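As structure tokens, the structure follows; a few thoughts come after it.
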Amino acid sequence: MAKNYCEHIMWSARRALGGQTPIALRQYSFSFEDATRSIVFKAEVERELTEDERENLEVAVTEVYADFYEDMQIDTVVAIVPLGHPLHLLPDGIVFSRERGDAP
């Protein structure tokens, strides 16, 4: 069951980021815990986000939340990881990765 949720979360988050992907975003990954019905998104950015960029991430999370009918806890962690430093993705999927060649 968790695998199906992970695929759905991945699709939902990619759609939600769509044209509002912050330029500073290097990688966006997630973990899902079926037992607690919780998703954690991790946004690894190269610099501090502007207010507009932070708002765009919040809108994307709201759109993901709207895709689920069950009670779901969703949290977002933002980590500043300057260029040249390694990224540390969460285990259930990469929604976006500039290093992988995803377009913003």
Side-chain angles (χ1 to χ4, degrees):
M1 181 65 122
K3 182 179 179 187
N4 289 340
Y5 268 109
C6 288
E7 290 172 6
H8 188 79
I9 293 164
M10 179 81 70
W11 173 85
S12 177
R14 284 184 176 158
R15 180 194 50 76
L17 270 180
Q20 54 195 20
T21 305
I23 295 297
L25 186 63
R26 293 185 62 199
Q27 183 166 270
Y28 196 59
S29 60
F30 73 94
S31 64
F32 171 68
E33 181 59 50
D34 197 17
T36 59
R37 316 289 299 154
S38 62
I39 303 168
V40 175
F41 286 108
K42 183 176 185 183
E44 294 177 279
V45 298
E46 63 187 47
R47 59 166 168 72
E48 189 71 39
L49 294 175
T50 66
E51 186 175 325
D52 286 342
E53 290 172 323
R54 186 171 297 281
E55 185 175 308
N56 285 344
L57 280 181
E58 290 171 4
V59 167
V61 169
T62 300
E63 289 182 24
V64 170
Y65 188 78
D67 284 339
F68 293 91
Y69 297 107
E70 304 88 23
D71 290 331
M72 188 75 70
Q73 173 67 37
I74 301 178
D75 294 308
T76 301
V77 175
V78 177
I80 297 174
V81 183
L83 292 174
H85 290 79
L87 300 170
H88 302 285
L89 66 111
L90 294 179
D92 290 320
I94 299 173
V95 175
F96 172 88
S97 174
R98 190 171 312 281
E99 280 75 8
R100 189 177 66 189
D102 294 342

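Keep in mind it's a predicted model, so treat the numbers as computed, not measured.
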Task: Any donor-acceptor N/O pair, Arg26 side chain to Val81 backbone, under 3.5 Å - done: yes
Task: Spatial distance of atom NZ (Lys42) from atom CD1 (Ile94) [nearest 0.5 Å] - done: 11.5 Å
Open item on the list: Looking at every non-hydrogen atom in both residues, tell me the closest pair between Ser12 and Val64 and how far apart they are.
Closed with: OG-CA, 3.3 Å
Task: Single-linkage hydrophobic cluster, 4.5 Å side-chain cutoff, Val78 and Ile39 together - done: yes
Task: Cluster check Val40, Phe96: I/L/V/M/F/W/Y, side chain < 4.5 angstrom - done: no
TODO: Verify whether one side chain among Asp75 and Gln73 offers a donor that lies under 3.5 Å from an acceptor in the other.
DONE: yes
Task: Residue pair Thr62, Ile74: steps toward the side-chain contact (heavy atoms from CB on, under 4.5 Å) verdict - done: CA-CA 9 Å; Thr62 300; Ile74 301 178; over 6 Å; no
Task: Nearest heavy atoms of Gln27 and Ser97, plus distance in Å - done: OE1-OG, 3.8 Å
Open item on the list: A side-chain contact here means heavy atoms from C-beta on lying under 4.5 Å apart; do Arg15 and Trp11 qualify?
Closed with: yes
Open item on the list: Show the nearest heavy-atom pair for residues Glu48 and Glu53, with the distance to one decimal.
Closed with: O-OE1, 4.4 Å
- [ ] Mark yes or no for whether Glu44, through its side chain, and His88, through its backbone, hold a donor-acceptor pair below 3.5 Å.
- [x] yes
Open item on the list: For a quick check under 3.5 Å, do Arg98 and Tyr28 share a side-chain donor-acceptor pair by atom type?
Closed with: no
Task: Heavy-atom pair of closest approach, residues Tyr65 and Met72 - done: CE1-O, 2.9 Å
Task: Joint cluster assignment, Leu49 & Phe41, ILVMFWY side-chain distance < 4.5 Å - done: yes
Open item on the list: Same cluster or not: Leu25 versus Leu90, using hydrophobic residues (I, L, V, M, F, W, Y) connected whenever any side-chain heavy atoms lie under 4.5 Å apart?
Closed with: no
TODO: Please report the shortest heavy-atom distance between Met10 and Asp92, naming the atom on each side.
DONE: CE-O, 4.5 Å
Open item on the list: What I'd like to find out is whether the side chain of Val95 reaches to under 4.5 Å of the side chain of Ile9, using heavy atoms alone.
Closed with: no
- [ ] Check whether any side-chain heavy atom of Phe30 lies under 4.5 Å from a side-chain heavy atom of Cys6, and answer yes or no.
- [x] yes
Task: Sub-4.5 Å side-chain heavy-atom contact between Glu55 and Thr50 - done: no
Task: Smallest separation among heavy atoms of Thr36 and Ser38, with atom names - done: OG1-OG, 2.8 Å
